[in-house]
A.B. asks: 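Below are the structure tokens for one structure; questions will follow.
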Amino acid sequence: MTDFAGMGLEVTPNRRTLRAKLAGETRLACGADGELTTPWRIVLIGDLNMLINSGIIGDVSAAPDPGLFPLSVRGCGEGNGCGADWVRPGRALWSWLADNGPVSFDNMKCFSKWAGELGFEYNLVDAGWSNWEGQGRDSWDMIRELVDYSAPLGVKIWVWKAYPDDRGVDGIQTPERLQAFLKKCRETGVAGVKIDYFYDESQQVVRFYEDALKEAAKYQLMVDFHGADKPTGLNRTFPNELTREGIRGLEIRGPWATHNTILPFTRYLAGPADFTPVTFSPKRLSETSWCHQVATAVIFTSPFLCYGVDPEQLLANPACDMVKSIPAVWDETIVLPGSEIGQMALFARRKGDVWFVAGICNSAAGAQAAVDLTFLGDGGYRCDMLSDDPASQQALKQHTSETTRAGGLSVGLNVGGGFVARLTPVK
């Protein structure tokens with residue numbers, strides 16, 4: 001979709017059919033031959049594994065401009081080549097949902113420290129940093145200091161920015177403002193930008209996505225569109241778009257379990273989503289278990305994997321080792337038998353020679369997951385497992401064993417529960 005309004009579907013009055021509805025007017029100039037270019041319309045039909053592994057939405061989008069992305073392949077996972085060595089998927093901490101202090105300069109240094117302890121690549125500094133000041137320094141000087149502080153910890157900084165004017169701070173709706181903002185990000189060593197508050201998919205907003213990604217690529221900046229519409233394959237043309245929201249994510253309150261078993265087979269077919277997974281906070285867990293939450297980090301795809309968890313809670317949680325090992329991108333994904341939309345999502349995902357198997361079930365009943373391991377290679381595997389504690393959603397069981405591709409897993413899930421198994425070859 002290029003220079004066109006986004007499309008949704010609405011139910012007709014007879015409630016038997018759907019019809020297309022564009023987000024406002026679309027105005028195009030005819031080419032010299034009188035032709036107009038309209039978006040592709042795609043219907044996917046297949047079993048769940050075929051749907052998950054279809055690349056057609058990216059395939060019908062234009063290839064990256066080699067002038068902006070000179071390397072033809074860099075693994076963003078499952079055919080989504082990144083095309084430049086500065087496009088680096090990774091995991092991020094994010095204070096907004098963590099309920100662990102404000103978006104202040106000192107607290108963001110704490111979050112960079114915690115990100116380093118977790119081995120996460122990024123710290124996302126959200127709304128509020130534009131008002132930092134102190135000792136004769138403006139907010140950009142303090143961002144530069146945060147970048148310098150974070151670098152020895154192995155952590156890079158992303159910053160948030162509103163598309164419209166927001167609480168007295170200028171937005172970046174115009175080309176001049178956009179370029180000035182991105183230039184400052186580059187000068188201060190920022191790695192990526194989270195642009196927020198779009199709220200519609202009008203032709204004007206769709207144009208901005210492409211303009212922003214093109215300008216960001218010139219400054220070698222990665223992008224997360226938040227408060228945004230559904231993806232349409234633009235991340236193939238501009239691999240510096242790592243993720244976008246367009247999803248009912250963890251910022252909204254639950255219930256979660258049934259919703260989470262639907263998303264992998266609906267919204268995620270369109271592309272990565274900034275769900276901001278994982279919480280251990282009782283007020284956000286709703287009806288889900290700790291294991292359900294951890295499993296969403298495996299099942300939900302986002303090359304910029306921004307966690308909503310309080311890092312101090314994560315560091316103290318028995319799931320910490322597992323979470324630290326979950327990658328942001330994958331080399332292979334298999335939807336396993338037993339998956340059913342709205343009932344259970346059961347995935348096997350490989351990074352290198354390590355497999356993760358994760359499952360989540362809905363809020364109607366518990367479940368028993370039976371996993372055939374014939375997708376494994378030859379030889380033995382160490383299996384590290386997190387599973388639900390039947391006595392409490394805010395607890396879990398850990399188990400380590402050895403298995404082979406001839407073996408299998410049988411795991412009980414609580415109502416709204418889940419599990420994660422990490423299968424590592426035994427050398």
A.B. asks: Starting at OG1 of T38, measure out to CG of L28 and round the result to the nearest 0.5 Å.
C.D. replies: 9.0 Å
A.B. asks: When you measure from the side chain of N53 to the backbone N and O of N49, does any donor-acceptor pair fall under 3.5 Å?
C.D. replies: yes
A.B. asks: Would you call K397-D389 a salt bridge at under 4.0 Å N-O?
C.D. replies: no
A.B. asks: Can you name the residues that form a side-chain hydrogen bond (donor to acceptor under 3.5 Å, both in side chains) with D384, not counting sequence neighbours?
C.D. replies: R382, T400, R422
A.B. asks: Give a yes or no on whether the backbone of L413 and the side-chain of D388 come within a donor-acceptor separation of less than 3.5 Å.
C.D. replies: no
A.B. asks: Check E121 with K156, please: is the shortest side-chain N to carboxylate O separation under 4.0 Å?
C.D. replies: no
A.B. asks: Give a yes or no answer on whether the side chain of N240 reaches the backbone of L213 with a donor-acceptor pair at less than 3.5 Å.
C.D. replies: yes
A.B. asks: State, without any angle test, whether S130 and R167 hold a side-chain donor-acceptor pair at a distance under 3.5 Å.
C.D. replies: no
A.B. asks: Using only atom types and a distance under 3.5 Å, with no angle test, would you say the side chain of D138 pairs donor to acceptor with the backbone of D141?
C.D. replies: yes
A.B. asks: With a 3.5 Å cut-off and no angle check, do the side chains of T243 and D274 form a donor-acceptor pair?
C.D. replies: no
A.B. asks: Parallel, tilted or perpendicular: which one describes the rings of W158 and Y122, with boundaries at 30° and 60°?
C.D. replies: perpendicular
A.B. asks: Is it the case that the side chains of S363 and T258 hold a donor-acceptor pair, with the cut-off being a distance below 3.5 Å and no angle test?
C.D. replies: yes
A.B. asks: Just checking, is any N or O donor in the side chain of S104 or D106 under 3.5 Å from an acceptor N or O on the other one?
C.D. replies: no
A.B. asks: Evaluate D229 against R244 for salt bridge (charged side-chain N to carboxylate O under 4.0 Å, His left out), listing each step before the verdict.
C.D. replies: CA-CA 8 Å; D229 63 307; R244 67 168 69 190; 3.3 Å; yes
A.B. asks: In chain order, what residues pass the side-chain hydrogen bond (donor to acceptor under 3.5 Å, both in side chains) check against T26, with sequence neighbours excluded?
C.D. replies: none
A.B. asks: As a quick check of understanding, evaluate side chain to side chain donor-acceptor pair (under 3.5 Å) for T261 and N362, giving each step before the final call.
C.D. replies: CA-CA 6 Å; T261 63; N362 67 15; 5.5 Å; no
A.B. asks: For Q368, I'd like to know if atom CD has over 12 heavy atoms of other residues, nucleotides or ligands within 6.0 Å.
C.D. replies: yes
A.B. asks: Are the aromatic ring centres of Y197 and W160 under 6.0 angstrom apart?
C.D. replies: yes
A.B. asks: Give a yes or no on whether a salt bridge exists between R177 and D165, defined as a side-chain N under 4.0 angstrom from a carboxylate O.
C.D. replies: yes
A.B. asks: Is a side-chain donor or acceptor of E201 paired with a backbone partner of A23 at a separation under 3.5 angstrom?
C.D. replies: no
A.B. asks: Between W256 and F275, does the ring centre distance come in under 6.0 Å?
C.D. replies: yes
A.B. asks: Can you confirm whether more than 12 heavy atoms, excluding those of R41, are under 6.0 Å from its CZ atom?
C.D. replies: yes
A.B. asks: Just to verify, what does F198 make a ring-ring contact (aromatic ring centres under 6.0 Å, His included) with, not counting sequence neighbours?
C.D. replies: Y163, F208, Y209, F225
A.B. asks: So, the side chain of S339 versus the backbone of L346: is there a donor-acceptor pair under 3.5 Å, distance only?
C.D. replies: yes
A.B. asks: Sub-3.5 Å donor-acceptor pair from the side chain of R91 to the main-chain atoms of K324, do we have one?
C.D. replies: yes
A.B. asks: Determine, using ring centers only, whether W129 and W140 are less than 6.0 Å apart.
C.D. replies: yes
A.B. asks: Taking Q203 for its side chain and D3 for its backbone only, find out whether a donor-acceptor pair lies under 3.5 Å.
C.D. replies: yes
A.B. asks: Would you please say whether a donor-acceptor pair under 3.5 Å links the side chains of S61 and T237?
C.D. replies: no
A.B. asks: For the pair S150 (side chain) and V147 (backbone), establish whether a donor and an acceptor sit closer than 3.5 Å, ignoring hydrogens and angles.
C.D. replies: no
A.B. asks: Parallel, tilted or perpendicular: which fits the ring planes of F265 and F347, with parallel below 30° and perpendicular above 60°?
C.D. replies: tilted
A.B. asks: Does L51 offer a backbone N or O that forms a donor-acceptor pair with the side chain of S54 under 3.5 Å?
C.D. replies: no
